[in-house]
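Labels below follow one simple rule: chain letters A, B, ... track the order of the sequence lines, proteins then strands, and each chain is numbered from 1.
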Amino acid sequence: MADNVFALVDCNAFYVSCERVFRPDLESRPVVILSNNDGCVVARSDEARACGVPMGEPIGQVRHLIRRHGIVVFSSNYALYADMSSRVMATLSLFADALEVYSIDEAFLRFPCRHGGAAALGDRIRRTVLRDTGIPVSVGFGPTKTLAKLANRCARLRLDGSACVLDPATGGVSVDRLLEETPVEAVWGIGRQHARRLRRAGICTARLFRDAPDGWLRETCTVVGLRLAHELRGRSCLSLETCPPAKREICSSRAFGRPVHERSVLAEAVATYTGRAAVKLRRQQSRAAVVSVMIESDAFRAGPQYRRTSTRRLPVPTADTGVLLAHAVACLDAIYRGGITYRRATVMLSEISSAAHVQPDFFAPHDHQCSRRLMAAVDAINGRFGADTVRYAGSGLERAWTMRRRRLSPRYTTVWRDLPQVRA
DNA sequence: TCTGGGGTCCTAGGACCC
DNA sequence: TCTGGGGTCCTAGGACCC
């Protein structure tokens, strides 16, 4: 008998739903959301799916469908989605003490024990989130996280949107039957490679996977696969992570909106990405000891490719954007070569440690107090008036290289964006 | 005309030490 | 003439997630 019940709450077509909250006229119309640089489809409404738009497809491949069906297209508006996500999570936190924010549009909730009212609770969650945030969600319950995930998938397929409870003891859906009807690749944690290997071995359903011998599972899908099978058997192996562990590496990487050749332009991008990574670093109260910069040519274009990484170790771990920036630009100078068409730059911060345990370097004097207060002030201003309101001049003014977002919706929930920008 | 970004975990294999 | 074995650390690469 399991001690806990897990619920997985998943926002339906989350990015589309966010846009619809502020554009009710889009209800029941086909809508798709594009990735950064307006590259490919990362979210679609049910109507767009019915038009035959596949997930992850490059926009160019579905342009004819967009025209034919009058599909409404948006660039990704992450500022809006992140804000809506925090509203949804805040609402969910009213229902359970133990909540794990699993992704921008999903959360696991844990309830202390099995009880008969799960279906009703699920429907209350759905109604409340919809009423308070405008976002429709699906809810699945199960004795383990993997089963809750599966139940959620089942709920999403239901026409009335009601919650799915995987718990035979209380008259819910039969676990065996659901597992039998679920293709093995639909199990959370089984990707393309493992699915192919499993199918070759005749394991085509979640039920056959669950009932496979432990030794064989371990051999075929490593301990990760074995753990999943245990979870499907109802033995909880994946615990709820209520406070996310600090990231061990932080990365900011983006393709440019247009081809880039000049060192000065790359330097602007590297400075911008370093600034973003540093914000993430400070947000989790950490310092980094290593900075890496990678620049690369366009892998999708024919011809010789260029890709180089340069890494520098800092004398003292820091979260000071200015210090990180100086090292990042030095990295860039070590690998920049003229005559190449660059398409992407990446800045990575690693060997991350807690800000509480930094040992200052006696021989490299640096005013930590001053740096900390400056960064705190910058973060406070940007938190209030929008990211990049105050930034290092090195990150550029015009920034013609930034990603394409031709179909960006307004920033409905962050009103200060249009204030004049200030340079640090 | 295009083809995203940001993570984690696991394993294998090499280097190195005692 | 013989060329062990166990342990740790690091890195690269694979696989997976949303």
- [ ] For dT3(B) and dC18(C), measure between their P atoms and round to the nearest Å.
- [x] 24 Å

Task: For atom CZ of Arg156(A) and atom C1' of dC18(C), their distance in whole Å - done: 12 Å

Open item on the list: Counting neighbours of CZ on Arg177(A) that are heavy atoms of other residues, nucleotides or ligands and sit closer than 6.0 Å, is the number greater than 12?
Closed with: no

TODO: Pick base, sugar-phosphate or nothing for Ile190(A), based on heavy-atom distances below 4.0 Å to the nucleic acid.
DONE: sugar-phosphate

- [ ] Mark up nucleotides 1-7 of chain B, 5' to 3', with B wherever a protein heavy atom is under 4.0 angstrom from a base atom, S wherever such an atom reaches only the sugar-phosphate, and - elsewhere.
- [x] BBBSSSS

TODO: Answer with yes or no after comparing the ring centroid distance for Tyr306(A) and Tyr336(A) against a 6.0 Å cut-off, counting only values under it.
DONE: no

Task: Interface residues of residues 210-228 of chain A with DNA chain B (non-hydrogen, below 4.0 angstrom) - done: Arg218(A), Thr222(A), Val223(A), Val224(A), Arg227(A)

Task: Base paired to dG14(B) (Watson-Crick or G-U; both N/O distances under 3.5 angstrom) - done: dC9(C)

Task: Separation of atom CD in Glu106(A) from atom P in dC16(C), rounded to whole Å - done: 17 Å

- [ ] Round to a whole Å and report the spacing from CE of Met348(A) to C1' of dA12(C).
- [x] 12 Å

TODO: Flag the pair Trp188(A) / Tyr102(A) as yes when their ring centroid distance falls below 6.0 Å, and as no otherwise.
DONE: yes

Task: Separation of dC17(C) P from Asn152(A) CG (nearest whole Å) - done: 15 Å

Open item on the list: Main chain of Pro183(A), side chain of Thr205(A): is a donor-acceptor contact present, judged purely on distance under 3.5 Å?
Closed with: no

Task: Atom CZ of Arg235(A): over 12 foreign heavy atoms under 6.0 Å - done: no

TODO: Starting from the C-alpha separation in whole Å, work towards a yes-or-no answer on salt bridge (Lys or Arg N to Asp or Glu O under 4.0 Å) for Asp123(A) and Arg127(A).
DONE: CA-CA 6 Å; Asp123(A) 289 329; Arg127(A) 280 200 308 273; 5.6 Å; no

- [ ] Could you walk me through whether Asp214(A) and Arg233(A) pass the salt bridge (Lys or Arg N to Asp or Glu O under 4.0 Å) test, one step at a time?
- [x] CA-CA 12 Å; Asp214(A) 283 3; Arg233(A) 292 170 199 166; 2.9 Å; yes

Task: Asp105(A) CG - dC17(C) P separation (whole Å) - done: 15 Å

Open item on the list: For the aromatic rings, using the six-membered ring if either is Trp, is the centroid distance between Tyr412(A) and Phe22(A) under 6.0 Å?
Closed with: yes

Open item on the list: Side chains of Phe14(A) and Met84(A), heavy atoms from C-beta outward: is any pair under 4.5 Å?
Closed with: yes

Open item on the list: Nearest whole Å is fine: how far is dC16(C) C1' from Trp188(A) CH2?
Closed with: 11 Å

Open item on the list: Anti or syn, where syn is a glycosidic angle within 90° of 0; which label fits dC2(C)?
Closed with: anti

